[in-house]
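Order of the sequence lines fixes the chain letters, A, B, ..., with proteins taken first and strands second; residue numbering starts at 1 for each chain.
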Protein chains: 2
Amino acid sequence: MNPGDLTEAVAAVLAAVEGAEGRLAPKKRAVIEAALLCFAETGYAATSTRSIAHRAGVAEATIFRHFGTKADLLLRLVRPVAARLIQPGLVEAQEIFAETEGNLEAKIARMMKARLAFADRYAPLVRILLQELPVNPELHGLLQDSVIGGLVRFLDIALGEEIAQGRLRPIPAPRFLRILASMLIGYWIARSMVAPGDWDDAAEIDVMAGLLARGLKP
Amino acid sequence: MNPGDLTEAVAAVLAAVEGAEGRLAPKKRAVIEAALLCFAETGYAATSTRSIAHRAGVAEATIFRHFGTKADLLLRLVRPVAARLIQPGLVEAQEIFAETEGNLEAKIARMMKARLAFADRYAPLVRILLQELPVNPELHGLLQDSVIGGLVRFLDIALGEEIAQGRLRPIPAPRFLRILASMLIGYWIARSMVAPGDWDDAAEIDVMAGLLARGLKP
DNA sequence: CATGATAGTGAGTGCTTACTCACAATTTGA
DNA sequence: TCAAATTGTGAGTAAGCACTCACTATCATG
């Protein structure tokens, strides 16, 4: 998959929002699309409703007819992706961890590849999240509950088993998650925001997963 | 040092700006202080010049007398720290790498501790940078040139020596830097933005440095 | 003490902002 | 088929925005 494919990423977000809001009126759909791209490019605060309306080919009033306020528009873009797609993504990660044959390194690498594909699939939304999280406490809580909590609970069990069987030195799940997430997000930012170009995802992830697994051997 | 000490962090930034601008008129100093905190808390775009003036106890016109525009105010906060303090910080990192006795792990750990202390010293400015970098290309170039470029050049040599002597498996300097920086920034965000509280910096850094060093052994 | 420069401000300016509302067009369902 | 609901809009509105300007107060220095 082409990591920079915006059309597909926009379609994925649209599908998620449609799941939460029911069938979308055509201009409502256009507003979502335009807002998604504007927010991702310029940031929420620096994007005017006028510019969204212009990009969507819609009257400004149409935005407020469908979304009430600008803040609500943002939330109704972000929430469906968080609620309907990150949670199932967690299940996917659990399955990978359970099913993948081979050592810890292979499991970590597969998990990271799946999460990277997810971030690409919803690239503009990931950008919005990265920009807004530091200043928007509402989004903060949204992620804390639905994503981090679930992942830590899962990792607590999965890592516990590995540690019990002597394949992993003891490490608290939050720390493991923090380090893994830092490396993955850092890579995603480098590859798709700082220096877009030729990157070998598989190779880079294998390096990071190998580093983690080898570094955590007993 | 107390990582959350805002007074000291503000004083450090003020000193850096004073170095670039000469002795500061009292109200100019107040504006810098207020702007720094407002931008860090709310983000650049969402901060109004009125709110800065109010916080500084100053007329709004005073801001424009001293800084011309809001965009210029931001740049003149960020640039001195980038130019006068990050570059010498690089030298410091080089010295640590050259002087520290012991293995690679100890060197990496000392470098990371020094960088973490730096981030704490200029905490509000680091927050501003993290928020504005994705949407402000001007800051982008500022960091790319003065920080990343220099660090990569230095690491190219330092790592090259370690690799030549068989103490490190071959790894390109940018990748090494990316992974190390990701872990460190990820830790800083977790500790001072996501979940402030009791963190054992030394222990956490030792884990990360150990992971890196062990993971990169030949 | 006179003088020019610097520091500081209250009262604006024109423009942009998020948002409203009366009204028209279209779609829906009984 | 026709009324009710939904979708869409042009023309506003008040508040807020970054920024200007004429003017005063302070201050260093010949």
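Proximity of residues 40-50 of chain A to DNA chain C (heavy atom under 4.0 angstrom from any strand atom) is restricted to A/T47, A/S48, A/T49, A/R50.
Whole-Å rounding puts the A/K28 NZ to C/dT27 P distance at 17 Å. Distance NE2 (B/H54) to C1' (D/dC17): 17 Å, rounded to an integer number of Å. When the P atom of C/dT17 is taken as reference, atom CD of A/E60 falls 8 Å away, rounded to whole Å. Between the CZ atom of B/F67 and the C1' atom of C/dT9 there is a distance of 16 Å, given to the nearest Å. Nucleotide C/dT17 holds its P atom 11 Å from the CD1 atom of A/I52, rounded to whole Å. Rounding to whole angstrom units, CZ of residue B/F64 and P of D/dC17 are separated by 11 Å.
In the set D/dG10, C/dA18, D/dG8, C/dA18 carries the atom at the smallest distance from any side-chain atom of A/K70.
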Anything under 3.5 Å between a protein N or O and an N or O of nucleotides 5-7 of chain D, put it in a table, one pair a line.
residue, atom, partner, partner atom, Å
D/dT7, O4, A/R65, NH1, 3.3

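Counting heavy atoms from C-beta on, the side chains of A/R76 and A/V17 never come closer than 4.5 Å. Contact annotation: the side chain of B/P134 never approaches that of A/L130 to less than 4.5 Å [non-hydrogen atoms, C-beta and beyond]. Between A/Y44 and A/I128 there is no side-chain heavy-atom pair separated by less than 4.5 Å.
Shortest non-hydrogen contact noted between B/A190 and B/W199 is O-CZ2, 3.9 Å.
The side-chain hydrogen bond (donor to acceptor under 3.5 Å, both in side chains) pairs that include a residue from residues 130-143 of chain A number zero, where partners must be two or more places apart or lie in different chains.
Between B/E8 and B/R121 there is a salt bridge, since a side-chain N of the basic residue sits under 4.0 Å from a carboxylate O of the acidic one. A salt bridge is absent between A/R65 and A/E60: the closest approach of a Lys/Arg side-chain nitrogen to an acidic carboxylate oxygen does not fall below 4.0 angstrom.
Between A/E18 and the options A/R23, A/K28, A/R29, a salt bridge (Lys or Arg N to Asp or Glu O under 4.0 Å) holds for only A/R29.
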